Amino acid sequence: MINWYDDLPDIKPKYLAITKLIRSLIQEEKLLPGQRLPSERKLADTFKVDRSTVSRALSELSSVGLIIKKGGSGNFISQLPQIHSLPTKVNWNLFLENKKTTYSSYQSEITQARALNNDNLLDGAGNELPMELIPKLGSLQINWHNFLLAQKQSQDAGYLPLIETLGKIHEQKNQFKTDDQTLLITGGAQQSLLLVLRSLLQVGDSVAFAKPSYFNSSALFKTVGVRTFSIPLTPFGIDLDVLEDVILKHRIKLLILNPTFQNPTGEIISLEQRQRILKLCQDYQIAIIEDDVFGWLVDQKDEVPTFKSLAPENVIYISSLSKLLGSSTRIGWIVAPRAIGQRLLQVQKKLDIVPSMLAQVMANLALTDESFDSEIAGLKLELTKRRKNITQILHEYRSEWNFNSPKGGFYLWIKQTDPEIFEKLLKKNILVKPGPIYGTSRKDFRFNFANFDLDKQQQLRATLSKE
Ligand SMILES: Cc1ncc(COP(=O)(O)O)c(C=O)c1O
């Protein structure tokens with residue numbers, strides 16, 4: 001016996017409550033296929049609602065095939081067999097399908113190989129430093145009371161002592177002054193880029209970056225609805241003729257560069273090229289985003305003035321602690337001309353992507369630790385040793401692989417002729433990141449040498465010498 005009125009769910013609007021009730025009666029088989037429903041008028045009386053409310057509910061049920069309206073003879077429960085097998089769960093695959101990227105298959109093979117926890121794995125696919133090379137900064141102590149006090153020193157742009165520390169570091173490294181700029185703290189370089197794109201661009205606007213580039217596989221651009229154009233890197237740097245062409249054809253608004261130890265090539269853009277790029281961008285009123293996440297690792301003798309120092313009012317500078325202290329620190333920052341900085345701060349607040357105060361206080365302790373400078377100096381020396389040894393091994397056993405030995409960073413960008421190289425190296429337990437991730441061919445790949453201590457160097461030598 002159906003208790004039409006008592007079983008009616010207590011939700012509004014009422015027509016939804018009625019559809020819900022009839023759906024569950026069908027599911028519980030209290031209403032069977034072919035069964036006739038009480039008339040609309042009767043149902044309206046029973047539910048104590050207007051007849052139009054019942055009519056709307058029945059129309060909804062009819063539109064999804066759960067009931068059939070038969071002219072003058074009334075409404076019947078549908079005979080459709082799928083009534084019983086109606087999926088009760090949302091099909092999330094429909095949401096996920098169009099979010100798939102072409103890089104995911106490589107990434108999942110890399111993840112799988114790592115999950116096997118194989119001691120013989122020669123992992124050159126990492127994005128950052130291995131744990132053992134991350135600077136050892138002793139114990140960064142702060143008691144809770146002092147942490148609570150520290151929060152009083154926070155501004156919209158972040159934790160003031162951290163802002164001051166970063167300002168000093170840029171000035172001491174002779175990169176640029178931050179006095180007449182806005183320096184704001186973010187949750188990392190990716191987040192900085194998201195903030196800049198969201199704050200300055202409209203859906204459909206265009207940006208350009210190099211090819212190959214780390215930015216090629218970033219989901220950010222799609223997320224904010226921005227079109228991307230890639231400019232080939234030549235042995236002399238970014239191809240300026242193509243850049244000018246693309247600027248003219250596609251009304252580029254921003255040029256995004258990673259000019260020092262570029263990911264993945266490890267190259268540094270020369271001063272002369274920097275000046276030519278700046279001139280071109282000035283001529284066409286294009287802003288530059290300078291992503292300098294590897295800037296920490298450059299030796300003084302190799303340092304080239306930052307874009308920010310060459311044109312402070314035309315460049316938005318981005319950096320983070322990820323390539324030095326690990327990406328889980330989630331601390332980055334932006335240095336932007338004041339007017340832009342204000343906009344960024346507003347959007348950061350609006351989107352509520354304000355970095356944790358705890359992380360900011362810890363970051364400041366790390367950056368002001370007395371062993372910080374000596375640790376970075378030690379890190380650079382170790383990276384140089386690893387780079388030289390790996391370069392030598394590759395030259396010895398894979399002379400057909402072409403690559404430049406960069407001045408620093410932790411990547412080698414290798415070109416060769418076999419499109420199956422990723423799969424072949426994987427079979428030998430060697431992981432690399434293939435070219436398509438960076439927008440180029442399967443014959444190219446990135447190799448992170450930072451992960452190779454003396455043991456791993458020996459293993460690599462032994463593996464490569466086998467054929
Ligand atoms: C050039 C470049 N920019 C930004 C990032 C992301 O940095 P973060 O971890 O600070 O978001 C990376 C990480 O690989 C990178 O290589």
Side-chain angles (χ1 to χ4, degrees), residues 103 106-107 110 123-131 133-134 158 162 166 183-198 207-221 223-224 228 230-231 233 238 254-269 288-298 306-308 315-335 348 353-356 359-360 362-363 366-367 383 406 408-413 432-435 437-439 445-451:
Y103 327 110
Y106 291 121
Q107 196 53 55
I110 291 171
D123 193 344
N127 287 324
E128 42 193 85
L129 288 175
M131 189 84 92
L133 287 193
I134 291 191
L162 176 60
L166 290 168
L183 193 161
L184 65 135
I185 310 295
T186 68
Q190 281 260 31
Q191 202 182 83
S192 302
L193 193 54
L194 172 68
L195 192 54
V196 172
L197 297 177
R198 275 297 295 261
V207 302
F209 47 72
K211 176 174 159 175
S213 166
Y214 156 83
F215 301 116
N216 180 67
S217 60
S218 171
L220 286 182
F221 303 102
T223 306
V224 290
T228 58
S230 48
I231 316 296
L233 276 182
I238 199 162
L254 288 174
L255 174 65
I256 307 172
L257 297 169
N258 171 210
T260 298
F261 302 148
Q262 198 248 8
N263 185 359
T265 61
E267 298 290 347
I268 300 181
I269 298 182
I288 292 177
I289 299 186
E290 178 174 29
D291 178 336
D292 194 30
V293 288
F294 298 96
W296 298 101
L297 300 170
V298 71
T306 55
F307 277 90
K308 185 71 186 162
V315 175
I316 297 174
Y317 179 92
I318 283 174
S319 189
S320 84
L321 296 182
S322 292
K323 303 295 169 192
L324 191 65
L325 301 181
S327 56
S328 55
T329 47
R330 306 275 12 114
I331 286 289
W333 58 100
I334 304 176
V335 185
Q348 189 184 37
I353 46 175
V354 179
S356 140
Q360 295 188 62
M362 292 308 283
L367 293 172
L383 283 173
F410 26 90
Y411 307 130
L412 298 178
W413 179 243
V432 299
K433 282 259 171 98
I437 292 180
Y438 306 99
F445 61 92
R446 192 193 78 179
F447 185 93
N448 179 340
F449 56 79
N451 208 12

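Order of listing sets the numbers, starting from 1, for every ligand and every atom in it. For clarity, every value in this text was computed on a predicted model and none was experimentally measured.
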### Query
Given the rule in the side-chain contact (heavy atoms from CB on, under 4.5 Å) test, do Asn263 and Val293 qualify, once you have shown the distances and angles that lead to the verdict?
CA-CA 10 Å; Asn263 185 359; Val293 288; over 6 Å; no

### Task
Report yes if some N/O of Ser327 lies less than 3.5 Å from some N/O of ligand 1; otherwise report no.
no

### Message
Tell me the closest heavy-atom pair linking Leu129 and Leu383, and the distance in Å.
### Response
CD2-CD2, 4.2 Å

### Query
Hey, mind stepping through Tyr106 and Phe445 against ring pair (Phe, Tyr, Trp, His ring centres under 6.0 Å) and telling me if it holds?
CA-CA 12 Å; Tyr106 291 121; Phe445 61 92; over 10 Å; no

### Message
I need the nearest protein heavy-atom contact for atom 16 (O) of ligand 1: residue, atom name and distance, please.
### Response
Asn263 ND2, 2.8 Å

#### Entry: Closest to atom 4 (C) of ligand 1 (judged by heavy-atom distance), picking from Ile318, Asp291, Leu193
Asp291

### Interfacing atoms of ligand 1 (cut-off 4.0 Å, heavy-atom, Gly188)
10 (O), 11 (O)

### Pair Phe410 and Phe294, ring centroids less than 6.0 Å apart
yes

### Message
Considering non-hydrogen atoms of the protein only, which is the closest contact for atom 7 (O) of ligand 1, and what is the distance?
### Response
Ala189 CB, 3.5 Å

### Query
Considering distance alone, does some N or O of Ser322 sit under 3.5 Å from an N or O of ligand 1?
yes

### Summary
ligand 1 atoms nearer than 4.0 angstrom to some heavy atom of Val293 are 1 (C), 2 (C), 3 (N), 15 (C)

### Task
For atom 14 (O) of ligand 1, grab the closest protein heavy atom and report residue, atom and distance to one decimal in Å.
Lys323 NZ, 2.5 Å

### Message
Walk me through whether Leu197 and Leu254 qualify under side-chain contact (heavy atoms from CB on, under 4.5 Å).
### Response
CA-CA 9 Å; Leu197 297 177; Leu254 288 174; 4.0 Å; yes

### Query
Would you say Phe294 and ligand 1 have an N/O pair spaced under 3.5 Å apart?
no

### Query
Do any nitrogen or oxygen atoms of Asn258 lie less than 3.5 angstrom from nitrogen or oxygen atoms of ligand 1?
no

### Query
Between atom OG1 of Thr260 and atom CD of Glu290, what is the distance when rounded to the nearest 0.5 Å?
6.5 Å

### Query
Hey, what's the ring geometry for Phe209 with Phe221, parallel, tilted or perpendicular (30° and 60° as the breaks)?
tilted

### Message
Is there a polar contact, in the sense of an N or O pair closer than 3.5 Å, between Gln191 and ligand 1?
### Response
no

### Message
Measuring from atom CG of Leu321 to atom CZ of Arg330, what distance do you get when rounded to the nearest 0.5 angstrom?
### Response
10.5 Å

### Summary
Among non-hydrogen protein atoms, atom 11 (O) of ligand 1 lies closest to Gln190 N, 2.9 Å

### Query
CG of Asp291 to OH of Tyr214: how many Å apart, nearest 0.5 Å?
7.5 Å

### Task
Do me a favour and list the nearest non-hydrogen protein atom to atom 5 (C) of ligand 1 with residue, atom name and distance?
Tyr214 OH, 3.3 Å

### Query
Heavy atom of Glu128 under 4.0 Å from ligand 1?
no

### Task
Would you check, one step at a time, whether the test side-chain hydrogen bond (donor to acceptor under 3.5 Å, both in side chains) holds for Lys433 with Asn127?
CA-CA 9 Å; Lys433 282 259 171 98; Asn127 287 324; 3.2 Å; yes

### Query
Which of the atoms in ligand 1, numbered in the order shown and given with their element, are less than 4.0 Å from a heavy-atom of Ser320?
10 (O)

